[in-house]
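Note that the structure is a prediction, hence the values are computed from the model and not measured. Numbers restart at 1 for each chain; the letters A, B, ... are given by sequence-line order, proteins then strands.
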There are 2 protein chains.
Amino acid sequence: MSPAPGSARRKSRVGGKADTEVAIRTTRPINFGPLADFVGYALRRAQVAATTRYLEAMQEVDLRPTQFSVLILINENPGIRQTEVCAALGLQKANFVPLLNELQRRGLAVRKAGVPDRRSSALYLTPHGEAVLKRANELHTAWEQSLSARLGPQGRTQLLELLQKLI
Amino acid sequence: MSPAPGSARRKSRVGGKADTEVAIRTTRPINFGPLADFVGYALRRAQVAATTRYLEAMQEVDLRPTQFSVLILINENPGIRQTEVCAALGLQKANFVPLLNELQRRGLAVRKAGVPDRRSSALYLTPHGEAVLKRANELHTAWEQSLSARLGPQGRTQLLELLQKLI
DNA sequence: TATTGTTATACTCTATAACTATA
DNA sequence: TATAGTTATAGAGTATAACAATA
């Protein structure tokens, strides 16, 4: 799993040439050994690369991956409770509090009282939250299409199926 | 990519039955909407699941993914410099310092002086480091085999190829 | 007693700026 | 001037314990 935006940088030395030449220092080619064939390592590298491009693509709506998935879940399940979102997404309830506070501060989601169980509140998107989510989905769709372009027509489906088997 | 060890927990209510029954509270089924078809989300979930199992598998040698990959790289490229390892694995040189300190403290790797460029030192595994790496490779191979079992014979190769296209 | 939401806290991972000693 | 290694620091993400209100 280690990070590694494929960057075994190799600079080429300009032989015994004089110093007037741009003297770029040689770094011998790095041997990755068995690492090149590790699924865990490839998974990590792919995830880092994907996240980097995701953040670029979603810059306009300024939604981190988890924030985006929380908005989707609230939108798909209006009135959902915090604990339910946490269980569905694998988040700690303690960490969800500041995350939701931020979404509420930005006017994207709200906690509403009036649930039978008075310990909980019900979560909803605001109209603004719905609009931002709509735009986020457009940007995200474009991003997924750029993935499909890399993976080929069947590649994306194949990848999804294979990843499912790891969960 | 949001976390989510597939855990949309659904408890089933025992209809209108009396309280003598184990009263499990209903949580309505959560609708994941488009999230279920996102490559980024699947990538994240698979990576989290894989890392969790990796850590279990490697418990005996106590090597985090990055530590493991650093040991492999030093072993494959004896005398490699810190900057080269960082470039190859996509690490910040600043973060590499405490990481290598820890490997050195545990007697797995060493910085040796005597390089032409006196700003650098050359990295090597100790005999103990080599032995630990050997054991780590055994444990890791077993883990990769458990992945292969999930993915099917061609699945692992397919997955590696698809992940490469994302990098 | 158990659960929901919350606070506080800590640990890992990642990122940037600035320093030193060499080049 | 630029680079290798280092220090310090800050920001995410994630994890646990404990508390108040409610069930």
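- No salt bridge links B/Arg53 with B/Glu56; every basic N to acidic carboxylate O contact stays at or beyond 4.0 Å.
- Between the CG atom of B/Leu100 and the C1' atom of D/dT7 there is a distance of 15 Å, rounded to whole Å.
- We find that CG of A/Leu63 is positioned 15 Å from P of D/dA12, with the value rounded to whole Å.
- A close approach under 4.0 Å does not occur between any side-chain nitrogen or oxygen of A/Arg111 and OP1 or OP2 of C/dT4.
- The A/Val97 side chain lies nearest to C/dT6 when the options are C/dT6, D/dA15, D/dT6.
- Follow the hydrophobic side-chain contacts under 4.5 Å out from B/Tyr41 and you reach A/Leu55 in the same cluster.
- Here C/dG5 is the nucleotide among C/dG5, D/dA23, D/dG5 with the atom lying nearest to any side-chain atom of A/Thr83.
- Counting to the nearest Å, the P atom of C/dC13 and the CZ atom of B/Arg64 are 4 Å from each other.
- Counting any heavy atom pair closer than 4.0 Å across all strands shown, B/Gln92 reaches a base atom.
- Partner of B/Glu130 under the side chain to side chain contact (heavy atoms under 4.5 Å, CB included) criterion, chosen from B/Leu125, B/Leu108, B/Leu71, B/Ile74: B/Leu125.
- Side-chain polar atoms of A/Arg106 and A/Asn101 form no donor-acceptor pair below 3.5 angstrom.
- Between the side chain of A/Arg119 and the base of C/dT3, at least one donor-acceptor pair of N or O atoms lies under 3.5 Å.
- Taking every side-chain heavy atom of B/Ser120 into account, D/dA4 is the closest of D/dA4, D/dT6, D/dA23.
- Within 4.0 Å of A/Pro98, counting heavy atoms only, lies no atom of the nucleic acid at all.
- Regarding B/Asn95, its CG atom lies at a distance of 12 Å from the C1' atom of D/dT6, rounded to whole Å.
- Here D/dA17 is the nucleotide among D/dA17, D/dA2, C/dA17 with the atom lying nearest to any side-chain atom of A/Ala94.
- For the pair B/Gln82 CD and C/dT22 P, the computed distance is 15 Å after rounding to whole Å.
- Rounded to whole Å, the distance from NZ on B/Lys112 to P on D/dA4 is 22 Å.
- OP1 or OP2 of C/dT4 lies within a sub-4.0 Å distance of a side-chain N or O belonging to A/Arg81.
- Atoms CG (A/Leu99) and P (D/dG11) sit 18 Å apart, rounded to a whole Å.
- Using the six-membered ring where Trp is involved, B/Phe68 and A/Phe38 have ring planes that are parallel, under 30° apart on the 30 and 60° scheme.
- Distance A/Gln47 CD to D/dG13 P: 12 Å, rounded to the nearest Å.
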